[in-house]
Structure formats: structure tokens, C-alpha cells
Amino acid sequence: MKKVLITGSNGLLGQKLTELLLPRTSVEILATSRGENKLAEILPSLPFRSMDVTDKAQVEKVVSEFRPTHIIHTAAMTNVDQCESDREGALKLNRDAVQYLVDACEKYNVHLIHVSTDFIFDGENGPYDEEAAANPVNFYGETKLMAEEIVKKARCKWAILRTVLVFGVAHDYGRTNIVLWVRDSLQAGKVIKVVNDQFRTPTLAEDLAMGCWLAVEHDAEGIFNISGKEMLTPYDMAMQVAEYFALNKSLIDKADASTFTQPAKRPPRTGFDISKAEKQLGYQPHSFMEGIRMVAEQA
Ligand SMILES: NC(=O)C1=CN([C@@H]2O[C@H](COP(=O)(O)OP(=O)(O)OC[C@H]3O[C@@H](n4cnc5c(N)ncnc54)[C@H](OP(=O)(O)O)[C@@H]3O)[C@@H](O)[C@H]2O)C=CC1
Ligand SMILES: Cc1cn([C@H]2C[C@H](O)[C@@H](COP(=O)(O)OP(=O)(O)O[C@H]3O[C@@H](C)C(=O)[C@@H](O)[C@H]3O)O2)c(=O)[nH]c1=O
């Protein structure tokens with residue numbers, strides 16, 4: 001019987017993972033997150049414990065008591081711009097916490113599934129396969145690369161699953177994402193500036209959760225790219241969202257790096273080649289348009 005501990009269960013991926021795994025009788029799960037359980041009402045049977053991954057003692061205590069066979073580590077500081085301004089916080093959460101989890105996994109023989117990002121790359125020549133050389137262009141990417149290096153040195157079994165621009169609907173969730181942001185802006189009649197010089201393979205949160213589960217089922221070891229399959233610019237994405245919801249495309253202003261900047265630099269061309277995960281894990285993501293339809297059904 002596989003016993004899976006999920007970190008960051010209140011997050012977008014954490015919630016989809018919890019919803020995916022809870023009904024499965026072949027696996028026992030323990031959802032953990034820093035704050036109160038945001039899924040308590042909708043999933044009353046969900047085993048949950050509060051676990052602040054930046055607290056080494058809490059990590060050791062929860063892992064020693066639950067004794068998981070696998071940990072899927074989703075918790076992170078994912079606000080890329082915040083990572084530039086709160087570097088100490090970003091290091092604690094995105095780097096130090098991973099060392100505490102590795103220590104516990106080594107001590108209790110737990111297989112660690114660590115979620116990482118395309119932002120470890122500089123975006124000069126995407127799409128990337130699993131062997132590509134990392135070269136982050138912002139602090140978030142630097143902290144996530146540090147985390148990967150900690151995982152690669154671990155003496156427990158480990159897998160690193162890298163993903164890109166995750167979108168989906170979560171409960172009681174503070175952050176938006178590209179699909180919901182475009183839909184809500186256009187429905188409100190707002191003009192939005194959307195870049196056409198950044199390239200991504202956007203990932204439906206449900207597909208990422210399935211990718212994590214496939215890695216657990218296969219006891220996968222090593223690095224796997226788990227993202228969408230289509231290389232799109234945010235402008236392409238916005239046009240598809242407007243198409244799907246029959247919204248006013250003239251509200252979408254084409255932008256580029258000369259007219260749109262954010263506090264942290266974004267790697268221009270990332271995106272992933274997912275053929276390794278397709279072949280070895282049977283990973284099969286939805287199309288971006290199917291992902292939009294699934295979002296529309298939930299929000
Ligand atoms: N979103 C994206 O576009 C991408 C994400 N990724 C990676 O995927 C993973 C999941 O991302 P995503 O689901 O979007 O993240 P979210 O920001 O949606 O969720 C992260 C969750 O982690 C929890 N958390 C924060 N601090 C702590 C802590 N100290 N201890 C325990 N839990 C904590 C928070 O829950 P609480 O409310 O309890 O504080 C938060 O909800 C991350 O590792 C990220 O780097 C990679 C590429 C793209
Ligand atoms: C807010 C905004 C974003 N964009 C573009 C920029 C970017 O390419 C895309 C998403 O921008 P955001 O700032 O919302 O997201 P961003 O912080 O770029 O997303 C990143 O999050 C971290 C966690 C990751 O790991 C990365 O894979 C990536 O998903 O949309 C616009 O074109 N116009 C806008 O007004």
C-alpha cells in the first residue's frame with residue numbers, strides 16, 4: 001500500500017493532487033499545508049495535518065508519525081516577483097525546506113517527488129528536454145535550482161518533475177492564473193496587455209497532478225518534464241480564452257518586452273519536450289483548449 005504525504009495541499013497543485021488521490025483505495029494520503037485546511041468543507045474525509053515545511057522539527061515529526069512511502073513536495077514561494085523582494089523568505093521556503101524533507105526521506109526511507117520549474121532555464125533556446133543546462137534569470141529560478149541540487153544529492157529515492165505555467169481552478173485560493181485572469185478581465189470589459197515574445201507549454205493543474213501520481217505509481221527516479229504539449233505565447237493563450245468564451249478580442253493588446261515588464265525578468269522561450277514522460281510514465285496531457293473547457297466547467 002502506497003502512503004503519500006502531500007506538502008502545500010492548500011495550493012493549486014496540492015488541491016488537485018488531493019482530489020485525485022483521495023478516492024483511490026490503492027493509496028493512503030496525508031494532506032499537509034502551512035495554514036488551515038482549505039479543503040475541509042469540500043473534502044470532510046481528508047486526512048490533514050498542518051505542517052510548515054520551513055520548520056525542520058515539524059517535518060521530522062509528521063514524517064516519523066505518518067511514515068509515508070512517498071512525499072510529493074508542492075509547497076513553494078511561487079510568486080516570482082515576491083521572490084525578488086523577499087529573498088530570505090524565498091531561500092527558506094524554496095531551498096531550506098527541501099533539505100529538511102530530504103533529511104526526513106533519508107531517515108525514513110521515503111521516495112521524494114519534487115516539483116520544479118522551467119524557470120531554472122534562461123529561456124534563450126527552449127523548448128527544453130531533461131538534459132538541458134540550467135541558467136536561471138531570476139531569484140525564484142535560482143532558489144528552485146538550488147532545491148534541485150539538494151534533491152540530486154539525496155541518498156533516498158528521488159524524482160524531479162519540472163512543469164510550466166500551471167493553470168486551473170482552486171478553492172479559497174488567493175492567486176489567479178493566465179486563463180482565469182484573461183477571462184475575468186475581458187468579461188469586465190478591461191483592456192489587457194499580453195506579450196507575444198514569451199513562449200511556454202502551459203500546464204493544466206489536473207494534468208500535473210496526474211503526472212505526479214504516475215511518478216508515484218512507477219516509483220519513477222530521475223528528472224521528468226510534466227507540462228502541456230503545445231508551445232504557445234501568452235497572447236496565443238489569451239486569444240484561445242477569448243475564442244472559447246466568445247469574448248471581445250479587441251480588448252487584448254499585443255505587447256512585448258519593450259512595452260511590458262515585470263519586477264523579475266522572465267525567461268523568454270522555455271517550454272518542455274515531454275516525450276520522456278509520455279514514453280516512460282504514460283503521461284498524456286490535455287490540449288490547451290480542452291484545459292480551458294475544464295476550467296470553464298469549474299469556475
Ligand atoms: N504555478 C505555476 O505556474 C508553476 C508552479 N511550479 C511549481 O509547482 C509547485 C506547486 O505550485 P502551485 O500549486 O502553483 O503553488 P501555490 O502557490 O498554488 O501553492 C503553494 C502552497 O504552498 C503552501 N505553503 C506556503 N508556504 C508553506 C510552508 N512554509 N509550509 C507548508 N506549505 C506552505 C501554501 O499553502 P498555505 O495556504 O497553507 O500557506 C500554498 O498554497 C511549486 O513547487 C512551484 O514551484 C512550477 C512551474 C509553474
Ligand atoms: C500579468 C501579466 C502577465 N503576462 C504574461 C507574462 C507571463 O509570460 C505570463 C504569466 O505571467 P505571471 O506573472 O502571471 O506568471 P509567471 O510568474 O511568469 O509564472 C511563473 O510562475 C512560476 C511559479 C513558474 O514556475 C513559472 O513556470 C511560471 O509559471 O503572462 C502578460 O502578458 N500580461 C500581464 O499583464
Side-chain angles (χ1 to χ4, degrees), residues 6-17 31-39 48-55 58-59 62 72-84 89-90 92-94 96-98 100-101 114-121 123 136 138 140-141 143-144 147 160-168 170-182 185 190-203 205 208-209 212 226-227 232-235 237-238 252-257 259-272:
I6 298 165
T7 75
S9 61
N10 281 332
L12 176 55
L13 171 57
Q15 292 191 27
K16 297 303 184 186
L17 261 175
T32 72
S33 210
R34 174 183 50 189
E36 289 305 303
N37 178 11
K38 291 184 180 172
L39 296 171
F48 176 88
R49 285 188 65 172
S50 178
M51 185 175 88
D52 178 339
V53 293
T54 64
D55 180 327
Q58 280 188 40
V59 169
V62 173
I72 303 177
H73 178 44
T74 89
M77 183 180 293
T78 57
N79 185 315
V80 176
D81 294 323
Q82 181 190 353
C83 288
E84 292 299 320
K92 262 170 69 88
L93 179 48
N94 292 358
D96 299 345
V98 174
Y100 304 154
L101 286 161
H114 174 74
V115 185
S116 190
T117 170
D118 59 326
F119 274 30
I120 64 168
F121 299 111
N138 56 50
Y140 162 77
T143 63
K144 293 295 283 187
I160 290 172
L161 307 188
R162 295 180 180 146
T163 193
V164 180
L165 200 53
V166 182
F167 65 94
H171 304 279
D172 179 17
Y173 185 64
R175 296 186 59 200
T176 185
N177 55 67
I178 189 119
V179 170
L180 295 175
W181 167 67
V182 171
S185 303
K190 276 191 340 197
V191 171
I192 52 175
K193 290 166 66 175
V194 191
V195 295
N196 72 344
D197 61 352
Q198 291 185 31
F199 297 79
R200 304 282 184 264
T201 46
T203 309
L208 178 57
C212 294
I226 303 285
S227 74
L232 296 166
T233 68
Y235 184 78
M237 298 175 213
I252 302 171
D253 267 6
K254 206 177 278 187
D256 61 32
T259 54
F260 175 79
T261 55
Q262 296 175 277
K265 183 173 174 354
R266 269 38 180 201
R269 176 182 284 270
T270 64
F272 284 152

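Note that the coordinates shown come from a computational prediction; the quantities given were computed from them, not determined experimentally. Indexing begins at 1, ligand by ligand and atom by atom, following the structure's order.
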Under 3.5 Å, is there a donor on one side chain and an acceptor on the other for T163 and T203?
yes
Looking just at side-chain N and O atoms, do S227 and R200 make a donor-acceptor pair shorter than 3.5 Å?
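There is no such pair (donor and acceptor under 3.5 Å, judged by atom type) between the side chains of S227 and R200.
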K193 charged N/C atom sitting above F260 aromatic ring, 6.0 Å / 45°
no
Kindly tell me which protein residues have any non-hydrogen atom under 4.0 angstrom away from an atom of ligand 2, grouped by chain and ordered by number?
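Its neighbours under 4.0 Å (heavy atoms only) are T78, V80, T117, D118, F119, Y140, V164, L165, I178, W181, K193, V194, V195, Q198, P234, F260, Q262, R266, given by chain and number.
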Contacts of type salt bridge (Lys or Arg N to Asp or Glu O under 4.0 Å), residue R49, not counting sequence neighbours
E65
Does atom NZ (K265) have a neighbourhood of more than 12 heavy atoms from anything else shown, all under 6.0 Å?
yes
Sequence neighbours left out, what passes ring pair (Phe, Tyr, Trp, His ring centres under 6.0 Å) with F272? Give chain and number order.
none
Side-chain (Q15) to main-chain (H171) donor-acceptor, under 3.5 angstrom:
yes
Do you know the tightest heavy-atom contact between T7 and A75?
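The answer is OG1-N, 3.1 Å.
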Indicate yes or no: does D81 engage R266 in a salt bridge with an N to O separation below 4.0 Å.
yes
Ligand 1: which protein N/O atoms lie under 3.5 Å from its N/O atoms?
unit_1, atom_1, unit_2, atom_2, d
ligand 1, 3 (O), V166, N, 2.9
ligand 1, 13 (O), L12, N, 3.4
ligand 1, 13 (O), L13, N, 2.8
ligand 1, 17 (O), T78, OG1, 2.7
ligand 1, 18 (O), L12, N, 2.9
ligand 1, 18 (O), Y173, OH, 2.6
ligand 1, 26 (N), R34, NH1, 3.3
ligand 1, 29 (N), D52, OD1, 2.9
ligand 1, 30 (N), V53, N, 3.0
ligand 1, 32 (N), R34, N, 3.4
ligand 1, 35 (O), S33, OG, 3.2
ligand 1, 37 (O), K38, NZ, 3.4
ligand 1, 38 (O), N10, ND2, 2.9
ligand 1, 38 (O), S33, OG, 2.8
ligand 1, 38 (O), R34, N, 3.2
ligand 1, 38 (O), G35, N, 2.8
ligand 1, 39 (O), R34, NE, 2.9
ligand 1, 39 (O), R34, NH2, 2.8
ligand 1, 41 (O), G11, N, 3.2
ligand 1, 43 (O), T74, O, 3.0
ligand 1, 43 (O), K144, NZ, 2.9
ligand 1, 45 (O), Y140, OH, 2.8
ligand 1, 45 (O), K144, NZ, 3.0

